[in-house]
Number of protein chains: 2
Amino acid sequence: MATINDVATKAGVSTATASRALNGKSTVDPKLAERVLAAAAELGYQPNGPARNLRRQETAVLALIISDVENPFFTSIARGVEDVAQAVGYSVVLCNSDENPEKERRYIDVAIQERVAGVVLSPTGTTTNVDLLTARSTPLVAVDRPLQDAAADMVLVDTRSAAKEATAHLISQGYRQIGCITGPAGVQTADDRLAGYKDALRAAKRRTSAKLTRRAEYRADGAYAAAIDLLSDSDRPDALLVANSTMAIGVLEALSKLDLRLGTDVGVVAFDDAPWAPLVNPPLSVVSQPAYDIGKVAAQLLMARITDSSLPYTTTTLQATLITRGSSVR
Amino acid sequence: MATINDVATKAGVSTATASRALNGKSTVDPKLAERVLAAAAELGYQPNGPARNLRRQETAVLALIISDVENPFFTSIARGVEDVAQAVGYSVVLCNSDENPEKERRYIDVAIQERVAGVVLSPTGTTTNVDLLTARSTPLVAVDRPLQDAAADMVLVDTRSAAKEATAHLISQGYRQIGCITGPAGVQTADDRLAGYKDALRAAKRRTSAKLTRRAEYRADGAYAAAIDLLSDSDRPDALLVANSTMAIGVLEALSKLDLRLGTDVGVVAFDDAPWAPLVNPPLSVVSQPAYDIGKVAAQLLMARITDSSLPYTTTTLQATLITRGSSVR
DNA sequence: GTGAAAGCGCTAACAA
DNA sequence: TTGTTAGCGCTTTCAC
């Protein structure tokens, strides 16, 4: 493994000059610079990242800790973060906390230990402890879910009013008993979507009933069980607001299992416009969240704060849009 | 930022002892060790990763370079890799090459510069240059797609015979004109699936015709265009083998656009058992690849080679399984 | 514009 | 069992 010393020797200059040339500093004789570059190429020189990072006390790496790599919503965020980071020469390391606070904590530790330049985090809970990050003043942006009074920028979606709008849409389509399947209590997006659902019922002077709402992990299987439970009742709901697209899969499976027709027997609107949503029969109505933009904005905020740590903390709230398709029409 | 020196001072020992205690070496007096640990906790000590990596000349990090984060097939692989790595205390950084050889090269550079312990790569092409890795003897495992005579383990899927089996299934179901939509030439999985398709036609003494096959990027939009093109012909195919699940989305959109009924008008079998596959109407028949296991095996091979670099290179070929559902039945 | 030299924080000889 | 010390590869003063 050629080091910068080897390159310097080969080019007949000091390591200092080699370093300057390799980093494109202007204060170096073009002839020398060329010799250094040539030597580096010839030796197949690759800078030693750890050494550089140690010396510089900083890295050009962002950590992106998301709660579920297998959820298209989060991978879209990842794309947004990555595109911004790439453009300014930063790398992104993706860590999957799997909705597991323990794993999340481990990855935060790793991020600190590797001295990453900044962290984008979709917290597993509002109580996620980011003090370690704050203590070392590692820039942090929370996405999708807010963090209780943390020193961090946040990029959120106005998911409560989106849920309200979606529910109001179901009401306007003539569904009478509208239920809701949402995520675990304490997960802000889950609570917000449930709240928005209730907002709409209240606005329409409908009674809300605990019998019509279910909570489950943000996964297909939990949603499947919840849907079976909800829809097996004789007084079953005739429409459902579903809190994300993985859950929607479980709900649609339940419908099919119970021989209930989507749209006709049970209207459905689900959060997240998964690529397959238009393909089911009838096509699935969704609340489309601007996932890519969330990632993009988050990365921009992070880069800005890396450059200038004195910036005030901001919360950006993006809008979601209701896309009505056949599944919410009688 | 407390350093190990601060911890040592606070505990009243030398840095060496502090280091040993922190790393759980047995050769240290339990009393002292305890004092060190207490001091570390009190100071909120977090080891400096770059310094440690520089000194140790190794990192407990694996790089996983995949060609599409938004494809469930690859995220399943990621889960497999991650689970194995976690279990032995390694971190995984996920890099998205986006089927772009340029990005792929950049990430390989990053992996080398950060001196990762090993790389799992789904190469964008067979010609992907991994010489840099080989030169520094960084352990490498290629997944999904083979690498031409590279010093690497490989974990592949017998996708050619799976394609043959899927096509034979379509033939047995009475489809007469079977077409194929596959990925770009030069991408081994794309070529293999096409070859398997032809194998089956040949075995059934059917003529193969270039008019029935199309190539496109492994994306929904490309497959959509290809399907529209293929199915608009008066002599259109009455069944299609589709090379992955993102493409399947495009194909199903095309079917719907052209008002052709899945299964009845056009039988379809697609690669990859996406979570939504059972939900379309009729449910989509698929070739299910053991993605999670690919990742798991790859990580195990990598860990083994990190431990013992003299191991012979192996190629593991896993089987795919045909899951027939309604979309391939008349 | 260039070089000599210090030092980032850590681990691992080597000595005691 | 513990401490002293060198040095991983790099960047960056500082002096010239």
| field | Nearest-nucleotide pick for A51(B), side chain only, options being dA12(C), dC10(C), dG9(D) | value | dC10(C)
| query | How long is the line joining CD1 of I112(A) and C1' of dG9(C), in whole Å? | reply | 17 Å
| note | Closest of dT5(D), dA6(C), dG3(C) to the T15(B) side chain is dT5(D)
| task | Return the minimal non-hydrogen interatomic distance between T128(B) and L121(B), and the atom names on each side. | result | CG2-CD2, 4.2 Å
| query | Is any side-chain N of the basic residue among R105(A) and D109(A) closer than 4.0 Å to the acidic one's carboxylate O? | reply | yes
| First of A18(B) and P47(A) reached from the 5' end of DNA chain D, by closest nucleotide | A18(B)
| Protein-nucleotide distance (Q113(A), atom CD; dC10(C), atom C1'), rounded to Å | 13 Å
| query | R20(B) has an atom CZ; how far is it from atom P of dC14(C), in whole Å? | reply | 14 Å
| field | Y218(B)-T189(B) side chain donor-acceptor pair, cut-off 3.5 Å | value | yes
| said: Measure CG/L22(B) against P/dA12(C) and give the value in whole Å, please. | reply: 13 Å
| query | Should the pair K103(B)-D68(B) be classified as a salt bridge under the 4.0 Å nitrogen-to-oxygen rule? | reply | no
| query | Any side-chain N or O of N23(B) less than 4.0 Å from the OP1 or OP2 oxygen of dT11(C)? | reply | yes
| message | I need the CZ-P distance between R136(A) and dG9(C), as an integer number of Å. | response | 11 Å
| message | Reading DNA chain C from 5' onward, which residue's closest nucleotide shows up sooner: R56(B) or P30(A)? | response | P30(A)
| Within the pair Q57(B) and dC10(C), is there a side-chain N or O less than 4.0 Å away from OP1 or OP2? | no
| Across the strands shown, which category fits S19(A) at heavy-atom distances under 4.0 angstrom: base, sugar-phosphate, nothing? | base
| task | Determine the sole option in T314(B), T138(B), L311(B) for which the side-chain contact (heavy atoms from CB on, under 4.5 Å) test with R305(B) is passed. | result | L311(B)
| said: Between the base of dG9(C) and the side chain of R115(A), is there a donor and acceptor pair under 3.5 angstrom? | reply: no
| said: Measure CD1/I4(A) against P/dT11(D) and give the value in whole Å, please. | reply: 5 Å
| request: Using a cut-off of strictly less than 4.0 Å, decide whether Q46(A) has a side-chain nitrogen or oxygen near OP1 or OP2 of dG9(D). | output: no
| Is R52(A) near enough to dG9(D) that one of its side-chain N or O atoms lies under 4.0 angstrom from OP1 or OP2? | no
| query | Choosing from dT12(D), dA12(C), dT2(D), which nucleotide comes nearest the side chain of L32(B)? | reply | dT2(D)
| query | To the nearest angstrom, how far is N53(B) atom CG from dG7(D) atom C1'? | reply | 16 Å
| query | Do the side-chain N or O atoms of S14(B) get closer than 4.0 angstrom to the phosphate oxygens (OP1, OP2) of dT2(D)? | reply | no
| dC10(D), dA12(C), dG9(D): which one has an atom nearest the side-chain heavy atoms of R55(B)? | dA12(C)
| request: Quick one: label P50(A) by what it contacts on the DNA or RNA (base, sugar-phosphate, nothing), any heavy atom closer than 4.0 Å. | output: nothing
| field | Distance, nearest 0.5 Å, that separates CZ of R106(A) from CD1 of I65(A) | value | 12.0 Å
| remark: To the nearest angstrom, the CG-C1' distance between N48(A) and dG7(D) comes to 13 Å
